[in-house]
Amino acid sequence: MNSWLIPPGTRPAPALARHLSLNGVVVIALLALVALWTVPMATFYETPPWDNVEELFWGGSMQWGYYKHPPLPSWLMGLPVFLAGRQPWLTYAAGVGCGVGALYIMWRWSLGMMSPVRAALAVLLGSLVTYHVQRATIFNHNTVQLLPMAGYWWMLWRVLRTPAAAVEEEAGKGSRDWLWLGVFAALSMLTKYSALVQFAVGAGFIVREGSLRNARVRRDLLRACAVALLLMVPHLAWLMQHADQTIGYARHSVHPSGPLLRHVHPRPLRILLVQVARLSPMLLFVAWAWFARERGAAGQETRNGFDRRFLAWATFGPLCLVLAMSLVFHMRLVASWLSTFFLPVAVWAVMVVPGLEAERWTRRRWTGVLVVAAVLHVAGSFGQAWVDGVWSARHGYITRANLPSRQIAEAVEAVWRERAGDRPLRLMVGDTWFTGAVVLHMDPAVELLIDGDPRTSPWLPPDALARAGGMVLILDTPEFRSEGALLEPLLATASCTGSLRLPWAGEDDARTVRVRWGILPASEAQDGARGCLPAAAP
């Protein structure tokens, strides 16, 4: 069904009514996944992941770009932060929301290629790909890109799919798929420039199919490109002024130097094995269905050859391209950079793998599959949150999730009151994750100057630190040491300095929070308030 609405005054046929009922079930199940994966993280994580903290601060200011990435994820976080403040649970809900939103788009796309029951199975299997739900609790540019990239593949398929679509278009009944293709392409690029990889695969498929010989396809693709370019003009203008930061960061990420050389790209085989591991819950289901198939039943019915080819390119093309680029150009790869590459994999599997003909399944088989999937999600959400946030701390393992950021914030504020008197604390200086996590537990008026560099926090006046002063923090715990190049020089200019030591996941040096702090003078303060008060006697 291509229409999203039923024309008024019409009575749905039984098959359509069943489809609408199934659509409601899919929507409710996806919304339940958002709650299921948000609540445990918000309950058991003492401190959010690095990217979540970063977006909470970036989202507080609407910019046309940020020093590392395009702006869309920060824009999405902006309204929730404005309404509810810098709350970590917002990032978990938003990240999983993007993942399940992408799965809903895959559901709508699948309905154009297969029966509703089989499309529902594709959504179920897609939810077991760890990138789409489990790792979507990390709210970053990879996670947010799931949503527009799903729309890009759907609309590209609709633009290219069948000659019948051309007839509809010429009759004035087309759905303007090219417009949405341009919108989704622009949103993908405004999320992360890595969308170019999947655009290249889409272009390769178009050339391979010979679709450019079709005048309608050429016209629609040109329209889509024009729409995408128009939407990106403000960001492109910003990029021209800040290319040294954004493009420089991208170049440094794939061809690292300095400290990053310690993490020089894993071999493509290792990256491939990581992807298999992250696909493994889905792959186990697929393998079970294949082995449990009815040997005497009729084989998989023939499907549209175009759909099969398109899904194969969309599923395997991006992975093959980046692995080849890594080998040829000696590029560094990080496994999570491939987060958006597997959106069509479940749809492809349901279309081509024998045993996944869901419309032939018995009620008993469906019940078993749904129960197992539900158990995996419940155990995965509560288990991951509990292990990272609670179990690890109790057993002496330090993780980002169990950093006692609230206790650190209380200790830092106590130091400030003791050494700065009544002067209000308005600015903290430090790395994004550690100092940002501390600031999350402070007064909402406290701002973060990321890495002590005004270019990374353009929402602050360039002279904010010199005018108002503040407090710099440097984490010295080895595994999570602060690495901002400007932090040490700033600490050297502090009026007074000191250190804090708090338990993290044990009492030995390797498992404690070791922080150096310094109070930076304020040029606009009264002379007597520029320095530090004497430390209290022990």
Side-chain angles (χ1 to χ4, degrees), residues 38-60 77 80-81 84-95 137-139 382 384-420 424-450 470-477 479-482 498-519:
T38 297
V39 172
M41 303 299 166
T43 302
F44 298 124
Y45 271 32
E46 291 196 59
T47 298
W50 179 300
D51 292 335
N52 298 47
V53 175
E54 185 171 63
E55 294 297 347
L56 284 171
F57 286 94
W58 286 8
M77 189 51 56
V81 167
R86 296 184 295 233
Q87 301 292 327
W89 70 267
L90 294 173
T91 62
Y92 308 134
T137 55
I138 304 173
F139 183 79
F382 282 90
Q384 175 179 308
W386 173 263
V387 169
D388 288 349
V390 178
W391 182 90
S392 55
R394 291 180 178 177
H395 291 79
Y397 299 102
I398 61 174
T399 68
R400 293 194 188 277
N402 62 33
L403 174 76
S405 49
R406 183 180 298 277
Q407 292 89 326
I408 299 168
E410 293 171 354
V412 167
E413 288 180 319
V415 169
W416 178 267
R417 288 192 300 269
E418 178 185 352
R419 304 306 299 274
L425 176 59
R426 289 291 177 262
L427 189 63
M428 294 292 295
V429 184
D431 73 296
T432 304
W433 173 68
F434 174 71
T435 309
V438 172
V439 174
L440 291 179
H441 297 289
M442 294 182 169
D443 189 289
V446 178
E447 295 284 358
L448 173 64
L449 179 57
I450 298 173
M471 191 170 187
V472 59
L473 296 183
I474 298 178
L475 177 64
D476 281 332
T477 303
E479 292 183 47
F480 301 101
R481 192 185 306 275
S482 300
S499 62
L500 293 170
R501 188 178 294 251
L502 290 86
W504 188 336
E507 296 297 333
D508 60 276
D509 283 351
R511 297 186 180 90
T512 58
V513 180
R514 294 187 291 169
V515 182
R516 285 179 290 149
W517 58 264
I519 294 179

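Starting from 1, each residue takes its place in the sequence as its number. Only this structure's heavy atoms are used, side chains among them; waters, hydrogens and symmetry mates stay out.
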Intermediate values then yes/no, side-chain contact (heavy atoms from CB on, under 4.5 Å), H441 and E410: CA-CA 8 Å; H441 297 289; E410 293 171 354; over 6 Å; no
_Using side-chain heavy atoms (C-beta onward) and a distance below 4.5 Å, is W58 in contact with M77?_
no
Taking the side chain as everything from C-beta on, heavy atoms only, tell me whether S405 gets closer than 4.5 Å to W433. no
Side-chain heavy atoms of L473 within contact of L475, under 4.5 Å: no
Is the number of heavy atoms from other residues, nucleotides or ligands within 6.0 Å of CZ (R426) greater than 12? yes
All heavy atoms of L425 vs all of M471, minimum pair found to be CD1-CB, 4.2 Å
Shortest non-hydrogen pair, I138 vs P49, comes out as CG1-CG, 4.3 Å
Interatomic distance, CG@L502 vs CH2@W504, rounded to 0.5 Å, equals 11.0 Å
Q. Would you say N52's side chain and F139's backbone share a donor-acceptor pair under 3.5 angstrom?
A. yes
Nearest heavy-atom approach of T435 to G430 is OG1-CA, 3.2 Å
Begin with the C-alpha distance, continue with both residues' side-chain angles, and end with the deciding distance and a verdict on side-chain contact (heavy atoms from CB on, under 4.5 Å) for L500 and V412.
-> CA-CA 8 Å; L500 293 170; V412 167; 4.0 Å; yes
| request: Answer yes or no: is there a donor N or O on one side and an acceptor on the other, between the side chain of R511 and the main chain of G396, under 3.5 Å? | output: yes
For residues T47 and L440, determine if any side-chain heavy atom of one lies less than 4.5 Å from a side-chain heavy atom of the other.
-> no
Review point. Hey, are the side chains of Y397 and V387 touching, using non-hydrogen atoms and a 4.5 Å cut-off?
Key: no
Taking every heavy atom of A505 against every heavy atom of S392, the minimum-distance pair comes out as CB-O, 4.5 Å
Measure the shortest side-chain to side-chain distance between F57 and T432 over non-hydrogen atoms and say whether it is less than 4.5 angstrom.
no
Value for CG (D431) from CD (E54), rounded to nearest 0.5 Å, stands at 10.5 Å
In this structure, CZ of F44 is separated from CG of N402 (nearest 0.5 Å) by 14.0 Å
| query | Can you check whether D476 reaches R481 side chain to side chain, under 4.5 Å on heavy atoms? | reply | yes
Between W416 and M442, is there a side-chain heavy-atom distance shorter than 4.5 Å? no
Heavy-atom nearest pair, V53 first then A437, reads CG1-N, 3.8 Å
| request: May I ask you to decide if T43's main-chain N or O and W89's side chain share a donor-acceptor pair within less than 3.5 Å? | output: no
Value for CH2 (W386) from CE (M41), rounded to nearest 0.5 Å, stands at 14.0 Å
Between P503 and P404, the two heavy atoms sitting closest are O-CG, 3.5 Å
- Task: Go through the side-chain N and O atoms of D388 and Y45 and say whether any donor and acceptor fall under 3.5 Å apart.
- Result: yes
- request: Output yes when a side-chain donor or acceptor of T477 lies under 3.5 Å from a complementary backbone atom of R514, and no otherwise.
  value: yes
Audit row: Q407, V513, side-chain contact (heavy atoms from CB on, under 4.5 Å) steps and yes/no
CA-CA 10 Å; Q407 292 89 326; V513 180; over 6 Å; no
